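The structure appears right after this line, and notes come after that.
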Amino acid sequence: MQLHNTLTGQKEAFSPLDPSRVTMYVCGPTVYSFAHIGNFRPPVVFDTLARVLRRRFGRVDYARNITDIDDKINAAAAREGVDIRVITDRYAAAYHEDLKALGVEPTTHEPRVTEHLPQIIAMIERLIASNHAYAAEGHVLFHTLSYGDYGRLSKRDEQSLMAGARIEVAPYKKHAGDFVLWKPSADDQPGWDSPWGRGRPGWHIECSAMSEAVLGNTIDIHGGGHDLIFPHHENEIAQSTCAHGGAVYARFWLHNGFVNVNHEKMSKSLGNVLLVHELLKTMPGEVIRLVLLTGHYRQPLDWTDDVAADARRKLDRLYGALRDLAGIEAAAGVSAPQAFIDALEDDLNTPMALAELFELVRAANKAESDADKARFKAQLLDAASLLGLLQQEPEAWFSQATSESDLSAERIEQLIAERNAARKSRNFADADRIRKELADAGVLIEDGADGTRWRRGG
RNA sequence: GGCGUCGUAACCGAGUGGCUCAGGUGGCAGUCUGCAAAACUGCAUACGCGGGUUCGAAUCCCGCCGACGCCUCCA
């Protein structure tokens with residue numbers, strides 16, 4: 001298995017440090033609002049990777065955190081006049097709903113910052129004791145000059161790094177690059193008691209502490225969005241490595257590219273932020289998942305209406321093949337083709353894997369013997385399951401309504417019955433009129449040897 | 001300015017120093033169908049520009065043009 005490691009900028013052969021399990025940590029969301037399409041690329045990508053790793057190595061201990069302490073959360077809570085818990089519970093629940101709709105399996109661990117304050121404080125104390133951090137004016141700061149490899153992940157050196165810095169340097173910092181581990185809270189802000197007074201953790205320490213708590217000092221894979229390379233992951237490395245006496249923090253760093261919308265970065269000012277919560281009102285979650293897997297995870301992905309429509313048609317083809325195999329029992333003991341596995345094991349090349357999947361679809365559609373069909377069905381289902389696709393019955397896929405104004409299944413069946421009566425009496429004008437009526441309502445019909453079937457079109 | 005990524009047919013999107021170089025959508029044609037649809041078969045369109053290396057480059061090197069990301073909120 002090959003994975004691209006940001007640390008080296010190359011694909012490297014991957015195997016877990018502990019042969020009995022793979023450990024993987026992925027930075028999760030800060031739950032202060034609904035998550036957008038870009039927020040879901042890491043969960044979908046690393047969910048897929050977890051499936052591949054599980055098949056290859058057996059056990060995968062996978063942690064994806066929920067950040068429930070953050071100043072944006074505080075701001076949202078203050079705005080509504082509620083406890084931060086109200087905000088974080090609401091949006092964590094929404095996040096989980098969206099994940100489920102996208103076919104993302106639960107992770108082994110889902111640590112929350114509020115549940116790891118003791119571990120965070122303990123890690124900060126260790127950093128202070130080893131002279132990698134210092135307290136100043138109620139803050140605790142990590143001293144980046146104390147860590148020789150600082151900048152290695154993001155390939156920046158500390159000198160030039162700060163030369164072009166565009167931020168004001170807080171007066172209590174020993175060095176401009178030092179970052180906050182702990183900061184004081186005002187009386188009206190959420191805070192927790194600590195040796196440095198009542199306060200709250202800085203942005204980066206949570207992941208270090210929680211990763212240590214649930215997975216151990218050295219993990220195999222750490223993932224997240226490309227934008228997190230600096231400063232977030234750079235800082236995590238510094239903290240964890242120094243807190244662990246120099247032990248390697250994460251062996252492989254994987255970063256997914258951004259999702260743009262109509263060639264532009266999503267931003268509130270452009271008003272083009274696509275919330276999955278909203279998208280799900282107009283399309284099945286599986287469509288969104290497929291879009292996110294259509295490009296290679298390290299490349300930028302451009303979300304447009306076209307790519308979503310494309311994905312829906314692809315799923316129609318995939319499910320169409322399965323529907324034609326409805327009466328066939330999938331062969332036992334048959335798994336995904338090797339070429340498909342090879343694609344995924346080559347740095348999670350999902351576009352190539354999808355190409356293999358479509359080759360399989362063509363083969364299945366052409367198969368004549370029941371034995372061949374049974375074999376292809378088994379291969380198709382197994383391969384798709386690695387991508388987290390085709391997890392529902394084809395009939396369910398084709399009949400799912402995407403808006404409440406859609407015709408009911410009963411009404412559709414009724415119209416089809418009327419049409420077939422017309423066809424039987426060779427009254428094709430009426431038959432075609434009814435077909436047109438259905439088509440206008442987004443329902444496409446197919447006359448086959450064993451009756452007429454229907455599906456909702458995009 | 002520093003670091004990094006990318007430019008493949010109408011669109012999406014892999015890949016590779018050389019086999020008439022994926023796959024999907026869309027287009028055209030054929031088979032099938034009352035007609036369609038689905039499915040199958042066939043066809044067409046490509047590697048940003050200019051140099052270089054090489055027997056051979058879209059693939060490696062250099063330059064240019066263009067797009068984009070990060071540089072202490074950010075998936």
Side-chain angles (χ1 to χ4, degrees), chain A residues 6 9 26-30 35-46 70-72 144 151 154-157 159-170 176-180 202-204 223-232 234-235 255-260 263-268 290-291 294-296 298-302 304 306-318 320-321 323-324 339 343 346 349-359 361-362 364-366 423 426-429 431-432 435-436 439 444-449 452-455 457:
Chain A
T6 306
V26 174
C27 292
T30 301
H36 57 65
I37 181 71
N39 291 314
F40 283 96
R41 195 170 189 190
V44 168
V45 163
F46 292 104
D70 181 89
D71 286 356
K72 288 192 289 292
T144 50
S154 54
K155 300 178 177 56
R156 297 151 207 261
D157 75 86
Q159 296 308 317
S160 65
L161 185 60
M162 298 324 301
R166 61 187 189 195
I167 50 140
E168 276 184 52
V169 178
D178 293 353
F179 57 89
V180 169
W203 174 31
H204 316 291
H226 188 256
D227 57 316
L228 293 182
I229 294 172
F230 189 88
H232 187 55
E234 195 70 72
N235 291 354
H255 293 99
N256 61 272
F258 256 49
V259 178
N260 295 318
H263 320 296
E264 289 176 315
K265 181 173 172 174
M266 269 185 284
S267 73
K268 283 178 186 143
L290 180 54
V291 170
T294 292
H296 184 85
R298 282 193 282 120
Q299 298 308 129
L301 182 74
D302 198 26
T304 62
D306 286 349
V307 300
D310 242 43
R312 177 189 279 275
R313 283 189 291 257
K314 286 180 188 179
L315 285 165
D316 279 344
R317 179 163 166 80
L318 293 170
R323 179 163 69 172
D324 286 339
D346 181 11
N349 193 334
T350 52
M352 185 173 266
L354 284 166
E356 295 296 337
L357 196 62
F358 281 102
E359 295 284 2
V361 163
R362 179 181 293 111
N365 284 335
K366 287 166 72 173
R423 288 174 69 214
R426 306 196 64 78
N427 181 355
F428 295 120
D432 290 351
R435 181 167 64 195
K436 176 79 163 49
L444 306 176
I445 56 183
E446 300 168 16
D447 297 322
T452 298
R453 47 187 200 189
W454 60 274
R455 63 192 175 93

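Naming convention: chains lettered A, B, ... in sequence-line order (proteins, then strands); numbering from 1 in each chain. This is a predicted model, so every value here is computed, not measured.
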Say you pick atom C1' in B:A46 and the same atom in B:A57; how far apart are they, in whole Å? 15 Å
A:Lys436 NZ to B:A36 P, in whole Å, measures 17 Å
Rounding to an integer number of angstrom, what distance separates B:U41 and B:G24 when you compare their P atoms? 10 Å
Scan A:Val26 against the nucleic acid and name what it touches under 4.0 Å (heavy atoms): base, sugar-phosphate only, or nothing. nothing
Which letter, B, S or -, goes with each nucleotide of nucleotides 22-33 of chain B from 5' to 3', with contact meaning a protein heavy atom under 4.0 Å? BSBSS-------
Side-chain donor/acceptor contact of A:Arg435 with base of B:A36 under 3.5 Å: yes
Take the protein atom CZ of A:Phe258 and the nucleotide atom C1' of B:G69, then report the distance between them rounded to whole Å. 8 Å
Residue set satisfying salt bridge (Lys or Arg N to Asp or Glu O under 4.0 Å) with A:Lys72, at least two apart, ordered chain then number -> A:Asp70
Could you give the distance from OG1 (A:Thr144) to CG (A:Asn235), rounded to the nearest 0.5 Å? 8.0 Å
Nearest-Å distance, NZ (A:Lys265) to P (B:C73)? 12 Å
Could you check whether A:Asn365 gets within reach of a base, just the sugar-phosphate, or nothing at all, counting any heavy atom under 4.0 Å? sugar-phosphate
Cation-pi check, A:Arg423 to A:Phe428: give yes when NZ or CZ is under 6.0 Å from the six-membered ring centre and within 45° of the ring axis, no otherwise. no
Would you mind pulling out the nucleotide paired to B:G30, Watson-Crick or G-U wobble, both distances under 3.5 Å? B:C40
Round to the nearest Å and state the distance from A:Asp227 atom CG to B:G69 atom P. 12 Å
Which base, if any, makes a Watson-Crick or G-U wobble pair with B:U20, both distances under 3.5 Å? none
Do side-chain atoms of A:Asn349 reach the backbone of A:Met352 as a donor and acceptor pair under 3.5 angstrom? yes
What's the gap between B:A67 and B:C61 when it is taken at their P atoms, as a whole Å value? 23 Å
Choose from B:A14, B:C12, B:C70 the nucleotide whose nearest atom is closest to any side-chain atom of A:Asn349. B:A14
Could you measure between the two P atoms, the one in B:C6 and the one in B:A10, and give it in whole Å? 23 Å
Under 4.0 Å between any heavy atoms, over every strand shown, what does A:Asn260 touch: base, sugar-phosphate, or nothing? Just pick one. nothing
Show the distances under 3.5 angstrom between N or O atoms of the protein and N or O atoms of nucleotides 3-10 of chain B.
none

Which part of the nucleic acid does A:Ile445 contact within heavy-atom distance under 4.0 Å: base, sugar-phosphate only, or nothing? base
At 4.0 Å (heavy atoms only), tell me whether A:Lys72 reaches a base, stays on the sugar-phosphate, or touches nothing. sugar-phosphate
Can you tell me, in whole Å, how much space there is between the C1' of B:C49 and that of B:A58? 13 Å
Separation of the P atoms in B:U45 and B:C62, to the nearest angstrom: 33 Å
If I take atom CD in residue A:Glu446 and atom P in nucleotide B:A37, what distance separates them, rounded to the nearest angstrom? 10 Å
Ignoring the backbone of A:Lys366, work out which of B:A75, B:U41, B:U72 is nearest its side chain. B:U41
Under the salt bridge (Lys or Arg N to Asp or Glu O under 4.0 Å) test, residues paired with A:Glu359 that sit two or more places apart: A:Arg362
With P as the reference atom in both, quote the distance from B:C60 to B:G18 in angstrom, rounded to an integer. 11 Å
Suppose we define a pair by two distances each less than 3.5 Å, Watson-Crick or G-U wobble; what does B:C3 pair with here? B:G69
On RNA chain B, check which nucleotide each of A:Leu301 and A:Asp432 is closest to and give me the residue with the more 5' one. A:Leu301
Who pairs with A:His226 by ring-ring contact (aromatic ring centres under 6.0 Å, His included), at least two apart in sequence or on another chain? none
Nearest whole Å is fine: how far is B:A38 P from A:Trp454 CH2? 17 Å
B:G50 pairs with, by Watson-Crick or G-U criteria that keep both distances under 3.5 Å: B:C62
A:His204 vs A:Phe179, test: side chain to side chain contact (heavy atoms under 4.5 Å, CB included). Steps then yes/no. CA-CA 9 Å; A:His204 316 291; A:Phe179 57 89; 3.7 Å; yes
Salt bridge (Lys or Arg N to Asp or Glu O under 4.0 Å) filter on A:Asp432, not counting sequence neighbours, yields A:Arg435
Without decimals, in angstroms, what is the distance between A:Phe428 CZ and B:C35 P? 9 Å
Looking at A:Arg156 and A:Glu234, is any side-chain nitrogen of the basic one under 4.0 Å from a carboxylate oxygen of the acidic one? no
Taking CG from A:Asp306 and P from B:C12, how many angstroms apart are they, rounded to a whole number? 8 Å
Check this for me: does any side-chain nitrogen of one of A:Asp324 and A:Arg453 sit under 4.0 Å from a carboxylate oxygen of the other? yes
Given B:A75, B:C71, B:A14, which nucleotide is nearest the side-chain atoms of A:Leu228? B:A75
Quick check: does any side chain N or O of A:Thr350 sit under 3.5 Å from a backbone N or O of A:Ala353, one acting as donor and the other as acceptor? no
If we ignore hydrogens and angles and just use 3.5 Å, is the side chain of A:His36 paired with the main-chain N or O of A:Asn39 as donor and acceptor? yes
At 4.0 Å (heavy atoms only), tell me whether A:His263 reaches a base, stays on the sugar-phosphate, or touches nothing. nothing
What nucleic acid atoms does A:Gly295 come within less than 4.0 Å of, heavy atoms only: base, sugar-phosphate, or nothing? sugar-phosphate
Just to confirm, is there a sub-4.0 Å distance from OP1 or OP2 of B:U72 to any side-chain nitrogen or oxygen of A:Asn235? no
